[in-house]
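Presented below is the structure to which this report refers.
For clarity, every value in this text was computed on a predicted model and none was experimentally measured. Just so we're on the same page: letters track the sequence lines, and every chain starts at 1.
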Protein chains: 2
Amino acid sequence: MITETLDHLFTSRGLRCTSHRRTIYRALAATTAHPTVDELYQQLDGRMSLATVYNTLESFCKTGLVRKIPGSGENGSARYDATTDPHMHACDPMSGRVVDVPDELSRAVFEQIPKEQLEAIEKCLGFRIHDVRIDLTGEFVSARNN
Amino acid sequence: MITETLDHLFTSRGLRCTSHRRTIYRALAATTAHPTVDELYQQLDGRMSLATVYNTLESFCKTGLVRKIPGSGENGSARYDATTDPHMHACDPMSGRVVDVPDELSRAVFEQIPKEQLEAIEKCLGFRIHDVRIDLTGEFVSARNN
DNA sequence: TTTGATGCAAAGACTTTGCATGCTT
DNA sequence: AAGCATGCAAAGTCTTTGCATCAAA
């Protein structure tokens with residue numbers, strides 16, 4: 001993503017445009033590996049403070065720029081995801097791996113859920129839905145049975 | 001749930017039947033409030049160690065007896081859920097509240113998802129699904145607390 | 001008897017925060 | 001110039017672990 005567009009993304013959400021924020025967002029958007037804070041920090045290799053990575057991701061989350069996946073890392077740390085389109089995750093709690101379900105398969109599932117049902121839930125609970133998350137937990141197997 | 005049935009639940013999963021485990025499981029099964037470890041610990045009021053609450057819930061999770069909802073508490077702590085039927089949660093990250101979507105509405109959503117689609121995902125990723133989670137994030141807009 | 005469960009405190013991991021400084025607006 | 005962003009280290013919170021003791025199988 002070019003800087004111009006990226007900066008517009010920031011300003012449109014009331015975030016200041018800084019070099020570090022561009023760096024972090026780009027790093028996150030460039031992968032589907034759902035890095036943890038520490039993985040991002042390692043990757044950026046001393047170019048910024050660990051606290052900045054935390055704070056920046058927090059800002060991104062609050063403004064809806066990225067999604068946080070709590071407790072998915074190896075020791076219960078959070079993973080982050082810059083993909084904003086609705087998509088599913090396959091999570092293996094044993095290994096701490098989180099993998100995106102391919103778009104086509106994710107979309108097929110999301111499309112099954114009628115808007116009316118979600119609206120019914122909103123009404124019933126007095127809740128405004130920001131995001132629908134469909135995550136699978138289970139285990140990755142080498143041999144593909146089934 | 002009577003002790004006999006509860007003990008069978010434990011033994012069938014390879015867990016020893018102890019007084020503390022019965023207490024914790026009952027406390028969790030008796031509420032839909034998705035308590036945190038600390039909330040359970042407070043409620044049990046000195047009748048057992050905090051570490052035991054952690055360890056016990058960990059055992060329950062590993063054997064599929066309860067579900068962990070990471071990062072849902074006020075300071076990022078985990079919440080726990082003894083309901084094993086597929087059901088949805090409405091999560092408000094600002095307040096840390098997690099509310100069950102009523103069974104009927106949850107079920108309607110889950111029933112929209114064809115088994116074949118989940119199986120296709122399993123095959124595609126080499127993943128064995130244990131649990132499908134559909135959680136809504138957003139905000140509670142009324143003072144309602146279902 | 002053997003193995004797992006519990007209690008306690010200490011250690012560990014992740015995350016947030018206070019404050020001084022620098023940079024964006 | 002004002003206000004947010006950053007760096008650093010310290011503090012905070014949640015969770016796990018080591019080890020001795022106790023209970024279930």
Side-chain angles (χ1 to χ4, degrees), chain A residues 3-4 6-25 34-42 44-63 65-66 68-80 93-94 96 98, chain B residues 3-4 6-25 34-42 44-63 65-66 68-80 93-94 96 98:
Chain A
T3 301
E4 207 177 318
L6 198 46
D7 284 2
H8 179 261
L9 202 60
F10 290 159
T11 54
S12 71
R13 316 234 172 184
L15 296 172
R16 288 196 175 172
C17 307
T18 70
S19 164
H20 287 171
R21 285 182 172 173
R22 290 187 200 104
T23 304
I24 291 177
Y25 187 83
H34 310 95
T36 62
V37 166
D38 201 59
E39 283 165 0
L40 280 169
Y41 177 67
Q42 299 297 337
L44 303 179
D45 200 34
R47 275 181 287 165
M48 73 187 69
S49 160
L50 181 60
T52 298
V53 182
Y54 273 104
N55 293 332
T56 300
L57 289 172
E58 170 74 9
S59 300
F60 287 173
C61 282
K62 282 201 170 166
T63 54
L65 221 50
V66 312
K68 184 177 187 174
I69 311 171
S72 309
E74 302 220 32
N75 288 304
S77 57
R79 293 188 173 282
Y80 293 84
M94 291 306 152
V98 176
Chain B
T3 300
E4 208 176 318
L6 198 46
D7 284 3
H8 179 262
L9 202 61
F10 290 159
T11 54
S12 70
R13 317 235 171 183
L15 297 172
R16 287 196 176 172
C17 306
T18 70
S19 163
H20 287 171
R21 287 183 170 172
R22 290 186 200 103
T23 304
I24 292 177
Y25 186 83
H34 310 97
T36 61
V37 166
D38 201 59
E39 284 165 1
L40 280 168
Y41 177 66
Q42 298 297 337
L44 303 179
D45 200 35
R47 274 181 289 164
M48 72 187 71
S49 161
L50 181 60
T52 298
V53 181
Y54 273 105
N55 292 332
T56 299
L57 288 172
E58 169 74 7
S59 300
F60 287 173
C61 282
K62 282 201 170 168
T63 53
L65 221 49
V66 313
K68 184 178 187 173
I69 310 172
S72 309
E74 302 221 31
N75 288 305
S77 58
R79 293 188 173 283
Y80 293 84
M94 292 306 152
V98 176

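Taking each heavy atom of A/P70 and A/K68 in turn, the nearest pair found is CD-O, 3.5 Å. Taking both residues in full, the closest heavy atoms of A/H34 and A/V98 are given as ND1-O, 3.1 Å, listed atom of the first, atom of the second, then distance. Here the closest heavy-atom approach between residue B/R79 and residue B/S72 is recorded as NE-O, 3.5 Å.
To the nearest angstrom, C1' of C/dA5 lies 14 Å from CD of B/E58. Spacing between atom CZ of B/R13 and atom C1' of C/dA5 amounts to 19 Å, rounded to whole angstrom units. Remark: P of C/dT16 and OH of A/Y41 are 16 Å apart, rounded to the nearest angstrom. Here D/dA24 presents its C1' atom at 10 Å from CZ of B/R22, a figure rounded to the nearest Å. Atoms CG (A/L50) and P (D/dA5) sit 18 Å apart, rounded to a whole Å. D/dT15 atom P lies 11 Å from atom CZ of B/R79, rounded to whole Å. A/I24 has its CD1 atom 12 Å from the P atom of D/dA5, to the nearest Å. D/dA24 atom C1' lies 11 Å from atom CG of B/D7, rounded to whole Å.
Of the residues near DNA chain D, B/C17 and A/L15, the one whose nearest nucleotide (by heavy atom distance) lies more toward the 5' end is A/L15. Ranked by how close their nearest DNA chain C nucleotide is to the 5' end, B/S19 and A/D38 are led by B/S19. Toward the 5′ end of DNA chain C lies the nearest nucleotide of B/R16, the other residue of the pair B/R16 and B/V53 mapping further downstream. Sequence order on DNA chain D of the closest nucleotides to B/T11 and B/G76 puts B/G76 first from the 5' end.
In this structure, A/T56 reaches the sugar-phosphate backbone alone: every heavy-atom distance under 4.0 Å involves primed, P, OP1 or OP2 atoms, never a base. Among the heavy atoms of the strands, none lies under 4.0 Å from A/S59. Using a 4.0 Å heavy-atom criterion, one finds that A/N55 contacts the bases of the nucleic acid, with or without backbone contacts as well.
Between D/dT15, D/dT13, D/dC8, one nucleotide has an atom nearer to the side chain of B/N75 than all others, and that is D/dT13. Considering only the side chain of A/T52, D/dG7 comes nearest among D/dC14, C/dT15, D/dG7. Closest to the B/A78 side chain, of the nucleotides D/dT13, C/dT25, D/dT15, is D/dT15. Nearest to the side-chain atoms of B/T18 among the listed nucleotides C/dA13, D/dC8, C/dT6 stands C/dT6. Among D/dC8, C/dC8, C/dT15, the nucleotide with an atom closest to any side-chain atom of A/V37 is C/dT15.
Residues satisfying the side chain to side chain contact (heavy atoms under 4.5 Å, CB included) criterion with A/Y54, sequence neighbours excluded, are A/V37, A/L50. Here B/Y80 pairs with nothing under the ring pair (Phe, Tyr, Trp, His ring centres under 6.0 Å) rule; sequence neighbours left out.
Distances shorter than 4.0 Å separate none of the side-chain N or O atoms of B/Y54 from OP1 or OP2 on D/dT16. For D/dA23, the OP1/OP2 oxygens have no side-chain nitrogen or oxygen of B/H20 closer than 4.0 Å.
Side-chain contact check for B/F10 versus B/T63: every heavy-atom pair is 4.5 Å or farther apart.
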